[in-house]
Structure formats: C-alpha cells, structure tokens
Amino acid sequence: MPSRHGVMRFAPSGNARMLTRLIVLVVVLVAFPRRSHALIALEGGGGGGGYTPPPPPPPTYNKIVYLQGRSQDSWPVYLSHSSAWNDVPVAYNGSAHLGDATTRNNINSALATNCRYPNQCVVVCYSAGCLRMLQSLNELRAAGTPANTILWIEAPASAAGGTQVADAATRWWVKILSKLFGGSADIDNELKKNYARSNMGYVQNEAPVPMYHLAGAHNMCRKVAWFFKVCGNGYLPGHVGDGAVGPSSACGYATDSADSGWVHTSCCDGGYYTNRNPESCALDYNNDHRGMFGRGIVSASSRLSYTATLSYAPFDDTSDTEGGVTGDESDTPAASTTGPWGAPSVGEVPVTSDTSSYGDAYGSRVDSSGAYYTPVYTGGGGGGGGGTLQYQQTL
Amino acid sequence: MRKESRSRKHPPARPSHRGRAAWVIVLACGVALLIWRHERHDRKPPAPVAAAEPATNVRLPMNLPSEDTANVPAVDLNGNAGADHVRRALADYKEFAIYPPWSRPVDEAQKHVVEWNPAIHEGRVFDRDKQGHDLSADVTLDRMFAGPGQSLTATAKVWKDIDGKQEPTDFKIIGKLQVFDPSHADHGAATMGDEPGWSTVGDITFAPGNPRTATFTPSTMPALAKATKQVRLMVWIDAADHRSPFELAFRYAAGAPLVVIGKQSDRIVDGSLAVDLDVDVKVATPIEVSAALYGPDGKTAICMYDDYKRPDQTGHQTFTITFFGRCIHESGTNGPYVVGALHGLARPDADGPEQFWSHAPQYQTATYAASDFSDAEWTSPEKDLKIQQYDETISKFEHGQL
C-alpha cells in the first residue's frame, strides 16, 4: 500500500512527463528508422482483412546503362551526372548479328542486374543499340524477369525501325553502310527496314516506359572515288535523315515512310510504336548520324539535371561541295521535304575523298584511314566551360 | 556484491529540482542530436556503387576515361529541372498505363501485331541499260513466316524506266536458300550473299516469264526440317551485263512450339473478355501469345493481346487470353467478337533463333454489348510500384539526392 508520499513520488510532475515523453521518443527513433515508419503506415490501415504484403521499398541504387551501336565495342562518352548515378557500360560487339549469343547474354545480364530492384536505371541506347535493347527487353519479359525499374530510355538516332540505307547497295553492289562507315558488319542485313519491322516486329512495342527519341537530319556522304560520292539520305524516303537512319526509325514511328508515303520532317507527327516519344519535335539539321550521338549525350545529361558540353570542332574541309561532285547520286531531296537543302552550310558534312577529314557539331571526325573518332570528355564543361577533348576510335 | 547491498540499504537520493532540470536538458540535447543525425542519414544520397558493376560482363572500354574524370560534374542545373523531366516521364507513363501492356486498343502502334505476317520485298534501281534507262528490280516473298508444311512464294520482276513508264525487260535469275551458322561466322568484309556464316542449302528454281515466281516449303527441305534456323532467300538478278543480289530474310518453323486446338469458352471476368483456348504445348518453355479481337465482321481489329505463357509441362492445357475491358468498351463495338491473328514465338534454345507459331482459324465469341465491359483504367500492383518509383525519384531530385 503506497503511502501518500509514495503516491506523490510516482505522480508525474511536469518535468517527469516531459522526461517520459522524451524517453519514449528516443526509443521510437532508435528502434525504427524513417522508412520503417512508412512501411508500418502502409501495413497498418487495413484492419480486419487478410495480410497484404507491403510493397518493396523504392529502388536504392541508380544506374545508367549504355548500349552502343554498330561498329562500337564500348560506349565512349558517359553522361554528366551526380555521384548518385553509376555508369554501366556493356561490353559487346555492336556489329554482331542480333542473334549473337554473347551479345544477347551481355545485354540481358546488364539490364536484368541494373534495371531490377534494388536498382533503378536509365537506359541510353544509340542507333542499332536500341534494336538490341528492345530485343533484350522481350527476352527478359519472356524469362519472367522484366527490366521493371527502368525510369526512361534515351534513344538518339535509333535504328530500331531499320533503315533503307542498310537495304541499299551501290552500283558496285557494295553495301552503302560499309562505304559510309568504313566496313561491312554482320548486323547490316538485320538493320534493313523489312527485317527490323517484320522479322523483329515483335520487339517494337517492348519499351516498358517512355523512350525518348532524337532524330538528326544532316546528310552523311562519302566519296568512294575521286569523282563519285555516296550520301546516305539518297536512300531514305524523301531523302530525309541523318545519313544513316530516317525519321521513321529515329522518331519511333510505327509505319515507315516507304510504306505510308508520308515523309516525316518532324518527330511530332504521331503514330508511334508503344511508349515511343519525341524528345523534341524538330529534326536536328546540325547533326548527322554520328553527331546525334553527342546530341544524345547532351540531352540525356540534361534529363539528369546536369549539363554536358562537347566542344565544337569546326568543319575544316574546304574542297568540293556536294553539288559540285560529279556522279553525285543522292543529294537531291524530294520536293515535298523541308530543311536546309542546297549549298552546304557551316557544319555540313563535306567529304571530298576517301582520305578527307570529317567534322561534325560535336567534334567527331574521321581520320585519313576512315576511322571515326568521337570526343571523350575529360572534365569541366559546366556552364558552357570547355573540357579537354581526347579522341577515341569508335563507330 | 557490495554495490548491490549498498543499493538496497541506501536508495539513491532523490535529485533536487536543479538536478532534474539538468537531466532534462541533457536528455533534450541527446534527443535533438538523435533527430539531427536521423534526418542527415535520410538526406544522404544513395550509397554509391563501385563503377565496376556486379555483372561480370561489364568492363570499361580501353582508353575510356575513368568514371571520375568522365563525369566530372558540370553544373547541377538544379534538382527541379531533373524533377520536371521525371514528371514528364511519369505523365507519359500514366498515359501509356491507361491500358495494360498486354492488351491495348488497335491503333498504329499495334497494327504490326495484327498484320504480323506481311509480304516482304526488296526493290531498287540496280543498273542502267546502254540507252541510259534505269533498270529496276523488285523481289517479293508473299509473307514473312511459314509454319510447318506451309509454302512461300517468291516473285521477281525487272523493268526499265522509259519516260516514266515501266517496261518489263528480260532477265536471268538465280535463287538460293541459305542458312546462318554462327559457329562458322567470322567478321570482315564480304560480298552480299557470300558472307561468313551463311551457307547455301538448296536451290530455288523460278518459272520463266516476267514476273518470275518460285514456290517452296522451307520445313520440308532436308536441311531445314530438323530444327528452326536463321534463314534467307538470296536472289541474283542478271540484266544488262550486271548481276545484282537481293536478300529476303524470312522466318519458318520446323515444328510448332504450340498448336491451338480450339476455343473452349469465353466470358467476362473483372470487366474484361477472357477467352479460354484449348492448346497443345509442344515445348515447355515461355511462349508468347499474340492475338487480335475483331468486330463481328472479323476484319476490324479493336483490341490486341500479347503476353507470355509459361507452361511447366507439354501437352493439352488451357491458355486464357484476356482482352482488356476498356479497350472493348471504348470501341463501342458490340459482339459477337472474333478472335484471330493468333500467333507468337518461343525460344526452345536460349541461344538459337526464335521459333514462331501461328494459327489461321478465327473463333467467334458469345454475344456481348460493348457496354458490358468495364471502362476503368488499368490498375495493378505493377503500375502502382512504377508510379511510386517515379514519385520517389522526383522527391530525390527535389531534395538534391540525385
């Protein structure tokens, strides 16, 4: 039986109440971190029903998966981003057949590892890498392990819809892609429009989240003899494209211009495959297929709230213009198309011989052997500041 | 022992008011410290992961700058810019996710799922004659895929362009069926039709005339009958002293991974149309099933279905395909509906080519009104999680964590 004194002793005074509350608070804070609170709240609420397992916590690690294109063995320039993101280049031969087991396994593994819980990812695919990505997404879906934490996909110069440039042969029956890019590749036949849209049609709606397309419209030419030149756009419907891929593919349209008769001069005409979206409506007349790689880096970095600045390497070839080349077979655009056709302007892609140099708006170039170089960003760049450029052979 | 007995005999003296106040202050400071550390912990960016990824296939390319140098941050524009981009992605996702990925209205994006087996052709100007007229050729296969026992017909025509008119011209033609064997593939330049890895397994003979046609059944050709392979028809056209190659890559199946026997039933389930198919599974592997739901005319596709089934055994079983209710409701088309364009693929050999299957017959459903089906948007835990993921990412950008 407590004495009066005892009762008074255990009756909480103001300070004691505060002390008690503080102790309880401390215990709660120590025992349950904030995320546990969220889970408790989610699990609570129901009452009376059966047990509903809580949803998994949000993905923790942030990845950027890079899928290169034809003639690339690696991804040469990463996005600019904060330290919260981690770059994931995927090693594969970008020229290999779509069915190449090693390539498929590597891409499947990269997406399954980095684009599923506890990771979340952004995928950046370039050119033929976009078709490989869609193929891989289908295979992962088939396996019951879909890449379900992708946030979005950045797709500059996507060749997922194929290209008539891959269909075309020169008059010597040599593939034009090998003329433009310095060699044939196993994947060339699979980049044909029919193959990409019919034989591989089942992958075209595989993007599980928005896939943002960027399309170039600067022609890409190459002189194959001192008097003759081939230009990629000459093989594309309406002669509109980035020299390798037309807007039908680069914008993600579900119908190719060659079939619909509608020559796209914008990425905002509607009629896309599922989840394909234009990053911008306007075609990029300053960049050809190679330049669109850099444009994609800039644009994808911007999505991560960072700037990427790639220095401009001015065109330094002052020889023949496109119109002045004898035997030019492909430079007259269809009358129905729009764009800066005619005399080349600054940044135009002038090729006067097999040994000429080449420049584009993001500093890419081809050396005297025909090897393609693209700038490697080594620092700086914020706020338009210049970085140091190195050149690495690619594409 | 000594301490224990002492505590029994001499309970601690009750603290003075000043002492209690001191304890309260100390505890308050401690709590404040804990709260501060707790919040700092939450603000911490996600734990960075080493650049070398868990996947063993990942490597840094030669000459590539290290992650540190390659991504020396430019200027963080500000978190809101990133958040705005994610909001756009979220808005685009929500628009997409009105319908489930596995059943959507038939629009341009789905047209190729319905008309999935089109004719394929390759055509171009390939030369000029001595008078300078363009010579053009067009080679067509009547469809992209041929199942077991099904034939393909190739048609080739050549013409010269004279004052805008197409005038047929004589030509010679050679047709060869080629298969690809990756173990024999090697990289490097090659003439079309003679690339490494491709080998001829049969001649295709074209009937005379212009156009010239040839019909063949891939699955009955000895070299193709055992297993499905990557295959193509190579055609060389000779005209005006030049030979030009044309490539037509097609699909065939030596054996079907799935045979549809018939329709068992159809009914409305949760506002959507569920159709039970009686099937015979030939290979216990994930099998993609695609189909279209047509209006009563059997021609106007209103809704498509595409999903993987994962049978764990071969033999007779039921596959249920579901056409999403809102799809049908919004079409305003009343039944009976027709289920058709049944096709799909499987990969019995993980490293091999896809094995397509198709089923030509169509099936009619019972009579329904479009209004019988739900017009509700798609809901699922998968969708909720995706939206949650976007919301979390927006929040992280806003709080400077990304």
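Below, chain A is the first sequence line, B the second, and so on; all start at residue 1. The analysis underlying the following values was restricted to heavy atoms, covering all of them including side chains, and did not include hydrogens, waters or symmetry mates.
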What are the two closest non-hydrogen atoms of [X] and [Y], and how far apart are they?
{"X": "N189(A)", "Y": "E247(B)", "value": "ND2-OE2, 3.1 Å"}
{"X": "A109(B)", "Y": "A254(A)", "value": "CA-CB, 4.1 Å"}
{"X": "F397(B)", "Y": "L304(A)", "value": "CE2-O, 3.8 Å"}
{"X": "W85(A)", "Y": "L402(B)", "value": "NE1-O, 3.5 Å"}

Leading residue by heavy atom contact count with chain A [cutoff under 4.5 Å; candidates [options]]:
{"options": "R347(B), K111(B), K309(B), R104(B)", "answer": "R347(B)"}
{"options": "D107(B), D391(B), V113(B), L345(B)", "answer": "L345(B)"}
{"options": "A89(B), P286(B), G352(B)", "answer": "A89(B)"}
{"options": "E108(B), R251(B), H343(B), E354(B)", "answer": "R251(B)"}

Given heavy-atom pairs under 4.5 angstrom as the criterion, report whether the side chain, backbone, both or neither of [X] touches chain B.
{"X": "A143(A)", "result": "backbone"}
{"X": "Y272(A)", "result": "backbone"}
{"X": "Y253(A)", "result": "neither"}

Could you tell me whether a side-chain N or O of [X] sits under 3.5 Å from a main-chain N or O of [Y], the two making a donor and an acceptor?
{"X": "R303(A)", "Y": "V86(B)", "result": "no"}
{"X": "K386(B)", "Y": "N148(A)", "result": "yes"}
{"X": "R104(A)", "Y": "A350(B)", "result": "yes"}

Of the backbone (N, CA, C, O) and the side chain (C-beta and beyond), which part of [X] lies under 4.5 Å from a heavy atom of chain A, both, or neither?
{"X": "E115(B)", "answer": "neither"}
{"X": "F250(B)", "answer": "backbone"}
{"X": "P353(B)", "answer": "neither"}

Trace of the side-chain contact (heavy atoms from CB on, under 4.5 Å) decision for R88(B) with W152(A): CA-CA 10 Å; R88(B) 180 187 161 186; W152(A) 62 84; over 6 Å; no

Pairing residues for R141(A) by the side chain to side chain contact (heavy atoms under 4.5 Å, CB included) criterion, not counting sequence neighbours: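 Applying side chain to side chain contact (heavy atoms under 4.5 Å, CB included) to R141(A) gives N138(A), E206(A), E288(B), D306(B), D307(B), Y308(B).
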
Distance check, rounded to the nearest 0.5 Å: [X] atom [atom1] versus [Y] atom [atom2]?
{"X": "S198(A)", "Y": "H121(B)", "atom1": "OG", "atom2": "NE2", "answer": "9.5 Å"}
{"X": "L248(B)", "Y": "K192(A)", "atom1": "CG", "atom2": "NZ", "answer": "8.0 Å"}
{"X": "D92(B)", "Y": "R276(A)", "atom1": "CG", "atom2": "CZ", "answer": "14.0 Å"}

Heavy-atom side-chain contact between R232(B) and Y195(A) under 4.5 Å: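 In short, these two side chains do not touch, never coming nearer than 4.5 Å.
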
E392(B) side chain reached by Q120(A) side chain, heavy atoms, under 4.5 Å: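 Heavy-atom side-chain distance check fails, nothing below 4.5 Å.
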
Non-neighbouring partners of E190(A) that pass salt bridge (charged side-chain N to carboxylate O under 4.0 Å, His left out), sequence neighbours left out: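 With sequence neighbours excluded, E190(A) shows a salt bridge (charged side-chain N to carboxylate O under 4.0 Å, His left out) to no residue whatsoever.
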
Criterion side-chain hydrogen bond (donor to acceptor under 3.5 Å, both in side chains) on T149(A) and Q389(B), from CA distance to verdict: CA-CA 8 Å; T149(A) 60; Q389(B) 183 194 357; 4.8 Å; no

Residue pair Q110(B), T274(A): steps toward the side-chain hydrogen bond (donor to acceptor under 3.5 Å, both in side chains) verdict: CA-CA 8 Å; Q110(B) 311 300 331; T274(A) 301; 3.0 Å; yes

Most contacts with chain B, counted as non-hydrogen pairs under 4.5 angstrom, among T255(A), T102(A), N205(A):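 When all of T255(A), T102(A), N205(A) are compared, N205(A) has the most.
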
Interface residue of largest heavy-atom contact number with chain B, from G144(A), G270(A), G99(A), under 4.5 Å: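 Going by pairs under 4.5 Å, I would pick G144(A).
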
Candidate pair V209(A) and Y390(B), rule side-chain contact (heavy atoms from CB on, under 4.5 Å), full reasoning: CA-CA 11 Å; V209(A) 291; Y390(B) 278 121; 3.6 Å; yes

Check against side-chain contact (heavy atoms from CB on, under 4.5 Å), M144(B) and N194(A): CA-CA 9 Å; M144(B) 180 269 293; N194(A) 279 335; over 6 Å; no

